[in-house]
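Structure first, commentary second.
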Amino acid sequence: MNVMTYKTLMVHLKAGEQNASILRVSGELAERFDASVIGIAARQPLQLIDDSGFSTIDILDRDLRATNNDIEAAEAEFRTALSGRAKSLQWRSAVTIAPLSEYLAHEARAADLVLSGPDTIHSPLYRPRYADIGSLLMQSGRPLLVVPEEIDRLKVRRVVVAWKDKRETRRAVADALPLLKLAGQVTVVEIANPSDLVAATTRIADVAAWLGHHGIAADPMVEPAAGNDVGGLAAIADVYQADLIVAGAYGHSQIREALVGGVTKDLLLRSERCTLLSH
């Protein structure tokens, strides 16, 4: 059973970019939970082959130097932002030809919670610079807190739990217990087909009662499906002015297009509020 705290956070920084928002949230959580923080950044080296089949050495060398400089700058930003706010600080980084999400997922073994910005992979051209956050979520075995760039702090005043009676959602709610414990208002919502409303009412009553056993008061809510769960969840979160959404992540195929879809994909790309996802 999860304890009501996170002892170690891992924050994924984008090398070569500003990471102010995610570092602010990381520092706030580190102070709230008296947690250690591991900063991590990774990039793939540029891979160019000229017409004769030989690497373009000068270009590759310049790219490697620039990459190392970007990673060093990310480390400096990490240490400056979190100095004095975390129980301890560690830094991990790599320049690797492996998928960045794979490297990050393996390193997540050291953390209770991983923090990252929204997914930014839209084409293969971005892969050397940005990790596929959907793949990281599916591979890491750790809860992922997605922090939009516009967020100043994680207030956790109001939390919406997007319930679906699946293993992933049950895990997400358990993983979110430390944050739910901080919340002023928790609403457990299931969007259900009209024929399933009675059963859905029973399910979320069970979830609300389970949270109550952990000292978390939660309001159950069943919303009739209107054909678009993504839009329905967003509307509910807007009505409740949610600071955080907690949800399970669903996916069965290793092909990215099928890996995360529907609500999960929307939450990975969402920019309005933080989201805690588990798979």
Side-chain angles (χ1 to χ4, degrees), residues 6-23 25-27 29-30 35-49 55-83 85-147 149 249 254 256 259-260 268 277-279:
Y6 302 121
K7 287 298 186 183
T8 306
L9 311 174
M10 177 172 283
V11 54
H12 167 221
L13 278 71
K14 295 178 181 177
E17 299 185 18
Q18 295 297 314
N19 297 279
S21 288
I22 198 167
L23 287 171
V25 171
S26 299
L29 291 179
S36 299
V37 183
I38 301 170
I40 190 165
R43 287 268 285 272
Q44 286 183 329
L46 186 65
Q47 299 178 54
L48 293 177
I49 302 295
S55 298
T56 311
I57 300 300
D58 290 342
I59 295 175
L60 297 179
D61 283 347
R62 286 198 298 271
D63 174 73
L64 182 58
R65 286 196 296 272
T67 294
N68 286 329
N69 289 339
D70 286 345
I71 289 176
E72 289 175 6
E75 180 182 2
E77 183 185 17
F78 164 76
R79 294 190 181 279
T80 298
L82 296 183
S83 178
R85 305 193 70 182
K87 187 173 183 179
S88 66
L89 296 178
Q90 296 181 41
W91 178 255
R92 302 183 182 192
S93 63
V95 179
T96 173
I97 61 172
L100 301 185
S101 59
E102 183 177 304
Y103 167 72
L104 297 171
H106 287 312
E107 296 301 310
R109 62 180 175 263
D112 299 311
L113 176 69
V114 178
L115 292 82
S116 181
D119 207 340
T120 52
I121 289 283
H122 302 296
S123 86
L125 296 176
Y126 289 88
R127 295 189 189 280
R129 294 181 63 88
Y130 302 118
D132 183 328
I133 304 304
S135 295
L136 169 60
L137 172 61
M138 296 296 168
Q139 297 169 3
S140 67
R142 292 291 187 269
L144 174 69
L145 183 65
V146 181
V147 181
E149 294 180 0
Q254 293 303 306
R256 173 169 169 77
L259 189 64
V260 288
L268 284 171
L277 295 161
S278 294
H279 178 68

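Predicted model, so just to flag it, every value in this text is computed and none were measured.
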Check F78 against G39 and note the closest heavy-atom contact, atom names and distance.
CZ-N, 3.3 Å
Rounded to the nearest 0.5 Å, the CE atom of M10 sits from the CG atom of L145 at a distance of 14.5 Å
Flag, side chain of R43 to backbone of I71, donor-acceptor distance under 3.5 Å
no
Once you round to the nearest 0.5 Å, how far does CZ of R79 lie from CG of L23?
12.0 Å
Taken to the nearest 0.5 Å, the spacing of E75 CD from E77 CD works out to 11.5 Å
Return a table of donor-acceptor pairs under 3.5 angstrom between the side chains of residues 95-106 and protein atoms on other chains or two or more places apart.
{"residue": "T96", "atom": "OG1", "partner": "A98", "partner atom": "N", "Å": "3.0"}
{"residue": "Y103", "atom": "OH", "partner": "S93", "partner atom": "N", "Å": "3.4"}
{"residue": "Y103", "atom": "OH", "partner": "S93", "partner atom": "O", "Å": "3.4"}

How many angstroms lie between OH in Y130 and NE2 in H12, if you round to the nearest 0.5 Å?
10.0 Å
I need the minimum non-hydrogen distance between V37 and A86, along with the two atoms involved.
CG2-CB, 3.7 Å
Any donor-acceptor pair under 3.5 Å from H279 side chain to L137 backbone:
no
Taking salt bridge (Lys or Arg N to Asp or Glu O under 4.0 Å) as the test, write out the residues that go with R85, two or more places apart.
E31
Which residues pass the side chain to side chain contact (heavy atoms under 4.5 Å, CB included) test with A76, not counting sequence neighbours?
none
Going from OG on S83 to CG on L89, what distance comes out if it is rounded to the nearest 0.5 angstrom?
6.5 Å
For Q90, all residues meeting side chain to side chain contact (heavy atoms under 4.5 Å, CB included), sequence neighbours excluded
I38, R92
From K87 NZ over to L9 CG, what is the distance, rounded to the nearest 0.5 angstrom?
12.0 Å
How close do S26 and L115 get, counting heavy atoms only, and between which atoms?
OG-CD2, 3.5 Å
Residues in salt bridge (Lys or Arg N to Asp or Glu O under 4.0 Å) with R62, at least two apart?
none
Only one of I22, N19, V114 forms a side-chain contact (heavy atoms from CB on, under 4.5 Å) with V11, so which one is it?
I22
Whether R142 and D112 form a salt bridge (side-chain N of Lys/Arg under 4.0 Å from carboxylate O of Asp/Glu) is what I want to check.
no
Hey, does S116 have a side-chain heavy atom less than 4.5 Å from the side chain of L144?
yes
Only counting residues at least two apart or in another chain, list the ones meeting salt bridge (Lys or Arg N to Asp or Glu O under 4.0 Å) with R65.
none
